[in-house]
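Everything below concerns the one structure shown next.
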Amino acid sequence: METLISDLAMILVVAGATCLIFKKLKQPLVLGYIVAGFLTSPNFSYFPTIANKDNVTLWAEIGVIFLMFALGLEFSFYKLKKVGSSAFIATAVSVCGMVVVGYSAGKLLGWSHMNSLFLGGMLSMSSTAIIFKAFEDLGLKEEKFANFVLGVLIIEDIAGIVMMVLLSTIATASAGVSTAEIFQGIAKLVFCLVLWFVLGMYLVPSFFKRFGKLFNDETYLIVSLGLCLAMVEVAEHAGFSAALGAFIMGSLIAEAPESERIEHLVTPVKNLFSAIFFVSVGMLVNPSLLWQYIVPVIILILVTIIGQITCGTLGMLATGQSLKNAMRSGFCLCQIGEFSFILASMGSELGVTSNFLYPIVVAVSVITTFTTPFCMGFAEPAYELVQKLLPQKLLNKLPQEDQPPAKQDEGLWQAMLKDYAIYMLIIGVLLLATVMTAEYYVLPYLANQLQLPYANYLTAALTLCVMSPLLAMLMQNHGELFQTLWYKNRFNHIPLTALIAGKMYVVFLALSFIFYSLLNWHGILAAAAIMLALYGLAKTPWLMSQYLRLESHFLLNLNEKHIHEHSGDEQAQPGLDTQLFIASYHVLDDSSLIGIPLKKLYFRQLYGCDIIRITKDGASIFMPGGNDIITAGSHLTIIGKEAQLQGFTNAISQNKLQLKARYETQSLREYMLNEAIPKEYQLYVTAFPAAASKELLGKPIRDTQLRDKWNTMVVGLDRAEYSLPTPDVNLILENKDLLWLLGSPKDIQKLLTELPEA
């Protein structure tokens with residue numbers, strides 16, 4: 001205990017003194033901590049040294065945890081989505097390029113495969129803290145290229161996490177590493193990240209909202225750090241590093257309503273322990289060893305600066321950035337920072353890297369940190385020089401104007417496949433996690449409590465209950481883009497049917513696990529049970545409503561913080577009346593819709609949109625019911641999202657519905673503000689809380705009878721300011737839901753008068 005206190009006192013006193021000096025010199029404090037570590041290490045004999053290095057190592061490991069936790073708190077999944085594919089492309093080119101450059105440099109220096117591999121990873125990671133500070137000092141934060149660079153740094157944080165996992169997987173392989181082991185490690189990482197993200201995003205922000213009234217500064221700090229350390233244990237139990245678990249929990253808490261307050265409270269703890277971590281880094285700086293490897297240090301400094309500038313510039317050019325922006329961005333990335341220290345520390349702890357690599361990387365980091373502002377300042381002259389040296393033909397092919405990273409419009413198939421892949425990945429991970437939990441935890445536990453086969457029966461029942469909403473979603477919901485593509489071209493039917501077959505295969509595998517593996521049923525009995533389960537999943541709206549309830553809660557947690565930050569910003573949060581569109585069609589005499597009740601046309605199921613008015617000879621039926629019939633010469637007014645109406649337009653030409661558009665599609669807002677619309681055709685939207693009536697609360701939208709009794713339709717739903725346009729009719733209404741009802745002014749007034757109160 002005496003050495004622990006004395007060592008900690010010495011570290012903090014020296015670190016505090018060096019911090020003041022470096023603050024006065026306007027240099028990054030990280031460098032001050034490294035200098036403090038060198039001064040208190042056995043490598044500097046003119047100063048008292050620490051008595052027990054193991055104590056510092058322990059504190060440093062805790063420092064890495066809190067450093068990554070704080071980095072996660074600054075992370076945002078919304079920011080990750082906002083930076084778009086351009087930042088991913090730029091990061092991929094830059095990071096992969098530097099990994100190759102670093103590995104090649106290591107091999108040319110005669111280093112081993114593992115030293116060279118870790119070197120490539122270390123040299124590929126730029127320092128977010130140093131670049132951000134340099135932007136502030138040089139007044140570049142508001143520049144267009146600076147925003148793009150910060151977006152790239154967000155992706156680099158993710159790349160650093162992936163690199164940590166891959167390098168640790170390769171390093172811990174007993175006798176080399178095969179391609180199969182690498183892919184197995186990647187698959188395990190993806191599985192755990194998706195599972196932690198989905199469950200964490202559903203539970204963590206909800207926890208802070210649910211018990212928000214009980215929290216103060218003290219409880220926020222204790223609970224947040226407790227969750228961080230709990231996630232560290234989960235990550236280590238899964239075979240990953242503590243740093244990964246800390247980062248994941250930080251990123252989940254970052255979506256909580258009070259994340260900024262938590263980040264403010266955690267900052268002092270992070271500053272304390274991260275300072276000790278960087279001090280421990282400085283303790284490994286050995287002047288005699290550095291002098292011995294002075295040539296590799298100089299070479300790697302040049303490799304880092306030139307390589308980062310080159311790879312960073314090429315990465316920016318690959319995204320369509322102008323040459324000027326690309327070079328200014330590349331000159332910002334010419335240093336290595338925090339992640340490099342963590343990778344170096346990991347290699348040293350695993351015993352797969354040589355002793356000289358750590359101090360060399362520290363020296364390269366320190367010197368490139370000092371050179372970063374000068375490199376940024378040299379970007380403009382370098383750009384002018386390159387303009388003079390490059391052939392004019394090549395310059396003409398490059399965009400010369402400053403442009404922000406633009407998001408390219410996705411094609412229907414590209415958007416469809418992206419949504420399909422995301423949903424299948426998430427649902428697949430959740431189903432696999434349910435299977436593993438049932439087989440390895442629930443069944444063994446129940447087998448010790450109950451006699452067989454009752455343990456199998458109960459496990460199977462619990463597993464089916466958990467899986468059912470997910471399986472119902474796979475069977476019942478194919479999405480708006482699916483409908484659009486289905487009716488756009490007959491040749492789309494085969495690939496779309498193949499995608500449905502993929503979903504059904506996943507459903508079949510899940511049910512087979514329940515009936516074959518858990519219940520040990522075989523032959524006709526198992527086949528009959530699977531067929532019965534499939535029929536129940538397809539014909540039970542309640543299961544779909546439970547999935548929608550879970551999904552809406554998840555989306556609310558994911559987007560609520562951003563919505564609050566941009567409340568009042570119409571561009572960031574478009575209103576419901578701009579997300580819904582109105583179209584009108586004339587029914588021709590030979591239309592296949594004539595004489596068929598609406599309930600047999602399955603408009604909502606097939607096209608996703610709704611008929612809100614049928615007009616003929618000046619008489620209108622608002623919100624027609626299932627028994628109403630379309631007649632020749634009538635006019636149909638249809639509402640839906642833009643993609644839904646596009647799908648319906650495709651269906652008109654493909655299915656020969658014989659409908660003729662009457663006027664150009666317009667938004668609901670434009671329709672309601674259009675003074676040319678006759679009074680008898682006007683529509684009105686009103687908000688109504690679900691909790692205000694016993695006819696609404698706790699029921700699926702389809703059972704509220706709003707359409708049958710009052711000729712009104714639910715066109716939107718708000719949950720804690722998160723808007724769901726055209727919500728699914730199976731969605732169950734909750735206490736704080738706000739319904740947006742559409743109807744004629746007369747019908748809306750009638751509803752508000754007659755709807756029973758709660």
Next item on the list: Report the C-alpha separation of Met473 and Leu548 in whole Å, then their side-chain angles, then the decisive distance to 0.1 Å, and conclude whether the side chain to side chain contact (heavy atoms under 4.5 Å, CB included) test is met.
Entry: CA-CA 8 Å; Met473 180 270 171; Leu548 293 169; over 6 Å; no
Checklist line | Partners passing ring pair (Phe, Tyr, Trp, His ring centres under 6.0 Å) against Tyr547 (at least two apart in sequence or in another chain) | finding: none
Item checked: Val198 side chain near Leu430 side chain, heavy-atom distance below 4.5 Å -> yes
Notebook entry, point to check: Taking only residues two or more places apart in sequence, or in another chain, which ones meet Tyr585 in a ring pair (Phe, Tyr, Trp, His ring centres under 6.0 Å)?
Noted result: Phe648
Next item on the list: Could you tell me whether a side-chain N or O of Ser591 sits under 3.5 Å from a main-chain N or O of Val587, the two making a donor and an acceptor?
Entry: no
Next item on the list: Identify, with sequence neighbours excluded, every residue that meets side chain to side chain donor-acceptor pair (under 3.5 Å) alongside Thr540.
Entry: none
Note to self: For the CG atom of Leu252 and the OH atom of Tyr202, what is their distance to the nearest 0.5 Å?
What the structure shows: 15.0 Å
Next item on the list: Assess the side chains of Trp486 and Asn650: does a donor N or O sit below 3.5 Å from an acceptor N or O?
Entry: no
Checklist line | Atom pair CD/CG of Glu642 and Leu580 - distance to nearest 0.5 Å | finding: 11.0 Å
Check: Got a sec, which pairs hit salt bridge (Lys or Arg N to Asp or Glu O under 4.0 Å) with one end in residues 446-467, sequence neighbours left out?
Finding: none
Check: Got a second to check how far Gln476's CD is from Leu471's CG, nearest 0.5 Å?
Finding: 10.5 Å
Next item on the list: Not counting sequence neighbours, which residues clear side chain to side chain donor-acceptor pair (under 3.5 Å) with Lys188? List them please.
Entry: none
Item checked: Other residues, nucleotides, ligands: >12 heavy atoms within 6.0 Å of Glu236 CD -> yes
Note to self: For the NE2 atom on His522, are there more than 12 heavy atoms of other groups (residues, nucleotides or ligands in this structure) within a distance under 6.0 Å?
What the structure shows: yes
Checklist line | With sequence neighbours excluded, residues passing ring pair (Phe, Tyr, Trp, His ring centres under 6.0 Å) with Phe554 | finding: Phe197
Notebook entry, point to check: Judged by atom type as modelled, is there a donor-acceptor pair below 3.5 Å linking the side chain of Thr497 to the main-chain atoms of His493?
Noted result: yes
Margin query: With a 3.5 Å distance limit and no angle check, can you tell me whether Asp737 reaches the backbone of Glu734 through a side-chain donor-acceptor pair?
Written below: yes
Note to self: Would you compute the distance between atom CD1 of Ile155 and atom CD1 of Ile89 and round it to the nearest 0.5 angstrom?
What the structure shows: 11.0 Å
Notebook entry, point to check: Which pairs, with at least one residue in residues 464-474 and sequence neighbours excluded, count as a salt bridge (Lys or Arg N to Asp or Glu O under 4.0 Å)?
Noted result: none
Item checked: Min side-chain heavy-atom separation Leu474-Val506 under 4.5 Å -> yes
Next item on the list: With sequence neighbours excluded, tell me which residues meet side chain to side chain donor-acceptor pair (under 3.5 Å) with Lys641.
Entry: Glu480
Note to self: For a 4.5 angstrom cut-off between non-hydrogen side-chain atoms, does Phe688 reach Ser693?
What the structure shows: yes
Next item on the list: Could you tell me the separation between the CG atom of Leu470 and the CG atom of Leu550, rounded to the nearest 0.5 Å?
Entry: 8.0 Å
Notebook entry, point to check: Does Met416 offer a backbone N or O that forms a donor-acceptor pair with the side chain of Asp419 under 3.5 Å?
Noted result: no
Notebook entry, point to check: What orientation do Tyr454 and Tyr457 show, parallel under 30°, tilted 30 to 60°, or perpendicular over 60°?
Noted result: perpendicular
Next item on the list: For the residue pair Leu706 and Met713, establish whether any side-chain heavy-atom pair is separated by less than 4.5 Å.
Entry: no
Check: Are Leu588 and Leu659 close enough, and set up right, to give a side chain to side chain contact (heavy atoms under 4.5 Å, CB included), and what steps lead you there?
Finding: CA-CA 6 Å; Leu588 302 179; Leu659 299 177; over 6 Å; no
Margin query: List the residues meeting side chain to side chain contact (heavy atoms under 4.5 Å, CB included) with Gln666, not counting sequence neighbours, and say none if there are none.
Written below: Tyr663, Glu670, Tyr671, Asn674
Note to self: Has Arg707 got a side-chain atom pairing as donor or acceptor with Pro624's backbone, closer than 3.5 angstrom?
What the structure shows: yes
Next item on the list: Determine the sole option in Thr712, Asp610, Ile612 for which the side chain to side chain contact (heavy atoms under 4.5 Å, CB included) test with Leu742 is passed.
Entry: Ile612
Next item on the list: Take Ile500 and Phe482 through the test side chain to side chain contact (heavy atoms under 4.5 Å, CB included) and record every step on the way to the result.
Entry: CA-CA 10 Å; Ile500 294 178; Phe482 180 94; 3.2 Å; yes
Notebook entry, point to check: Does Trp521 have any ring pair (Phe, Tyr, Trp, His ring centres under 6.0 Å) partners at least two apart in sequence or in another chain, and if so, which?
Noted result: Phe515
Notebook entry, point to check: Can you list every pair that meets side chain to side chain donor-acceptor pair (under 3.5 Å) and has a residue in residues 420-447, with sequence neighbours left out?
Noted result: Tyr423-Glu551
Note to self: Could you check whether any side-chain heavy atom of Leu636 comes within less than 4.5 Å of a side-chain heavy atom of Ile630, counting everything from C-beta outward?
What the structure shows: yes
Next item on the list: Decide yes or no for Val234 and Trp196: does some side-chain heavy atom of the first lie under 4.5 Å from some side-chain heavy atom of the second?
Entry: yes
Item checked: Residues in side chain to side chain donor-acceptor pair (under 3.5 Å) contact with Ser517, at least two apart in sequence or another chain -> none
Margin query: In the structure I gave you, are the side-chain heavy atoms of Lys503 and Val507 within less than 4.5 Å of one another anywhere?
Written below: no
Margin query: Rounded at 0.5 Å granularity, tell me how far CD1 in Ile427 sits from CE in Met467.
Written below: 11.5 Å
Note to self: Less than 4.5 Å apart, side chain to side chain, heavy atoms only: is that true for Ile732 and Lys699?
What the structure shows: no
